[in-house]
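Step one of this worksheet: look at the structure below.
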Amino acid sequence: HLVETDGFGGEMVGVIMKGYEQVDERTFDMTIRDNVYDTAGNHITAADVVFSYQTDIDMGFHAGRLGVIEKLEKVDEYVVRWTFRTAPNDGDLCNVWIESYIVSQKAYEDSGDEMAMKAVGTTPYQLVEYIPGTSLTLERSGKYWQDAAETMDLYGSNVDVINFKFVTDISQIATGLKTGELDMTNTIAAMDLPAFSEGGEYADRYTVVEEKANPAYMMMFNCSETSPCSNVNLRKAIAYGINSDQLLSSVLGGAGFRLNAFGNSKYGDYNPDWNKDGYFEYDLDTAKEYLRKFTDETGMQPGDVTLKLVLKDGTYTLGQEMTQAIQGFLMALGLTVTIDVRPENSYTDFINDPANWDCGLLCDNGASTDFLISWVQNVFLPDYYNHEGGQTFVVDEPFFELINECRTMSGHTTENMNRLNDHINENCYLYGLCGFYEYFVTANWITSVAHENRNCIAPGGCTYDWSLKK
């Protein structure tokens, strides 16, 4: 990558990037390092950066993030000019510059298959073997271009050979750990964790590390005039009528945490003070009071309302269980709720029609960015949609102005983010339900785990005590 972050929500750190200068509010000149080579010996220049990003854009990859780029230009051998469609903030810059992998145009074209089987990168490791659906083997090349003193842990090379195993059946991951076929994983079924945790049968051989996952479950509301959820009192009745604590215990098995705002506390612009405020605490009496206000304003009784609850198929493994539990809570309020699980390939077109849905379970992994404002703009601003009001059809010009202010370098402040949080809560445009944990299980001779900001393990950056390996 051009950059990485110093932990999720942390400072942006240059990798291939040496530095950048702002030319105007939408234009930035990036200087890359002049000593970058891939494992085949190709020298990486500004032309390769432009090629890598333009190829991703042309192929439609990462459209949500890369769609903010208006133009890419090579200025000279080591300088790339980036022109954005609107003035970005620091989170936008990081989200774009961390997204695409930089490869040599020559290596890409020489591969003959767009690097599908013959990938060549700029990391300390080179591809030895790739068996689709089975395994991928990397070997330390010994030719890494970056000085050891400048290398982030993520790009370390502390082991000679790395063998990634592709395991599609999550139940088989625990089996692989027990037999010693696997040494580490960041994916394991919750029911299998106790065997490797303290007091478990395999606790003497493995270490379990708990990390907050980047995504979180939230309720989004269709605020168009076609939906009863256009009424703020109904939205608040729904929020107060859902018991997040019970969702944590019954659906997540306790392996999660309540949200106190419209996003996960891991984000760099999340204010810990939001945790001190009361946040839609489960209260049936309050929920019914808002339902009475809804009836007074609309003339509709709760029994007259049928809510269409939508879920994107594949929204993590517990998405359907979560929506079914929510359905139960809302039916207890006298509301009728139907659930529509939409295939991923038709989900976007489906929710772009406001007649199709009223509320939905949103898991913000599509915006697993480092900053809340970066994905909030993707949800709400109409710039990204072919209809008025963004993904949830909210039409609120002061709200849009506040989002755009928070998007700027000077406006991305704690004070403005507090105003944004207050505005979302007052209007109940989103309701944060709960976050969940991910778990690293590693052999006890792995003494520290290096991972990037989406919790993917980087085995080369981990540290090892080989004397403990039996």
Side-chain angles (χ1 to χ4, degrees), residues 216-252 256 258-262 277-313 315 318-342 347 350-351 353-363 379 389 391-396 423-434:
Y217 289 112
M218 281 169 280
M219 285 289 287
M220 65 176 180
F221 301 100
N222 176 352
C223 295
S224 73
E225 293 181 359
T226 64
S227 172
C229 287
S230 60
N231 185 281
V232 65
N233 292 307
L234 179 58
R235 299 197 295 269
K236 288 186 175 180
I238 291 170
Y240 280 108
I242 297 174
N243 189 333
S244 291
D245 288 328
Q246 192 167 328
L247 290 178
L248 282 175
S249 60
S250 64
V251 179
L252 295 181
R258 283 193 56 186
L259 296 185
N260 293 300
F262 60 96
D277 302 330
Y279 183 71
F280 295 111
E281 297 282 347
Y282 174 64
D283 189 323
L284 272 179
D285 290 337
T286 302
K288 291 176 180 178
E289 179 60 32
Y290 277 111
L291 278 179
R292 282 192 287 272
K293 292 179 181 179
F294 167 73
T295 297
D296 290 344
E297 291 184 3
T298 65
M300 298 178 68
Q301 296 292 333
D304 300 330
V305 178
T306 296
L307 295 176
K308 293 169 283 188
L309 174 58
V310 66
L311 170 72
K312 179 167 64 175
D313 194 18
T315 303
L318 299 175
Q320 294 198 38
E321 290 89 339
M322 188 78 71
T323 51
Q324 289 165 0
I326 290 169
Q327 181 186 44
F329 288 129
L330 300 186
M331 291 179 71
L333 291 175
L335 302 168
T336 300
V337 181
T338 62
I339 297 174
D340 195 338
V341 181
R342 305 301 302 182
Y347 174 80
F350 181 82
I351 64 170
D353 184 345
N356 287 336
W357 64 285
D358 298 301
C359 49
L361 182 66
L362 177 69
C363 196
V379 171
Q391 183 173 340
T392 59
F393 302 95
V394 169
V395 179
D396 182 344
H423 195 96
I424 290 174
N425 292 345
E426 287 166 8
N427 293 279
C428 199
Y429 287 148
L430 283 175
Y431 167 46
L433 295 166
C434 47

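These numbers come from the heavy atoms of this one structure, side chains and all, not from hydrogens, waters or symmetry mates.
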Classify the ring geometry between Phe393 and Trp357 as parallel (under 30°), tilted (30 to 60°) or perpendicular (over 60°). tilted
I'd like to know if the side chain of [X] and the backbone of [Y] have a donor-acceptor N/O pair within less than 3.5 Å.
X: Tyr279; Y: Gly432; value: yes
X: Asp358; Y: Lys308; value: yes
X: Asn427; Y: Tyr429; value: no
X: Arg235; Y: Ser230; value: yes
X: Thr295; Y: Met300; value: yes
X: Glu321; Y: Val251; value: no
X: Asn231; Y: Phe294; value: no
X: Lys236; Y: Glu426; value: yes
X: Asn356; Y: Phe350; value: yes

Considering all heavy atoms, the nearest [X]-[Y] contact:
X: Pro354; Y: Thr226; value: O-OG1, 3.4 Å
X: Tyr217; Y: Leu259; value: O-CD1, 3.7 Å
X: Leu291; Y: Pro302; value: CD1-CG, 4.1 Å

Between [X] and [Y], is any pair of side-chain heavy atoms under 4.5 Å apart?
X: Val341; Y: Ile339; answer: yes
X: Phe280; Y: Ile242; answer: no
X: Leu252; Y: Cys434; answer: yes
X: Glu297; Y: Asn233; answer: yes
X: Leu333; Y: Leu284; answer: yes
X: Phe329; Y: Gln246; answer: yes
X: Phe221; Y: Ile238; answer: yes

I need the [X] [atom1] to [Y] [atom2] distance, nearest 0.5 Å.
X: Cys428; Y: His423; atom1: SG; atom2: NE2; answer: 12.0 Å
X: Leu234; Y: Thr298; atom1: CG; atom2: OG1; answer: 8.0 Å
X: Asn222; Y: Gln391; atom1: CG; atom2: CD; answer: 10.5 Å
X: Cys359; Y: Ile326; atom1: SG; atom2: CD1; answer: 8.0 Å
X: Leu433; Y: Asp245; atom1: CG; atom2: CG; answer: 11.5 Å
X: Met218; Y: Leu430; atom1: CE; atom2: CG; answer: 6.5 Å

Walk me through whether Val305 and Leu307 qualify under side-chain contact (heavy atoms from CB on, under 4.5 Å). CA-CA 6 Å; Val305 178; Leu307 295 176; 3.7 Å; yes
List the steps, then state whether side-chain contact (heavy atoms from CB on, under 4.5 Å) holds for Leu361 with Lys312. CA-CA 8 Å; Leu361 182 66; Lys312 179 167 64 175; over 6 Å; no
Distance-only donor-acceptor check, side chains Tyr431 and Ser244, under 3.5 Å: yes
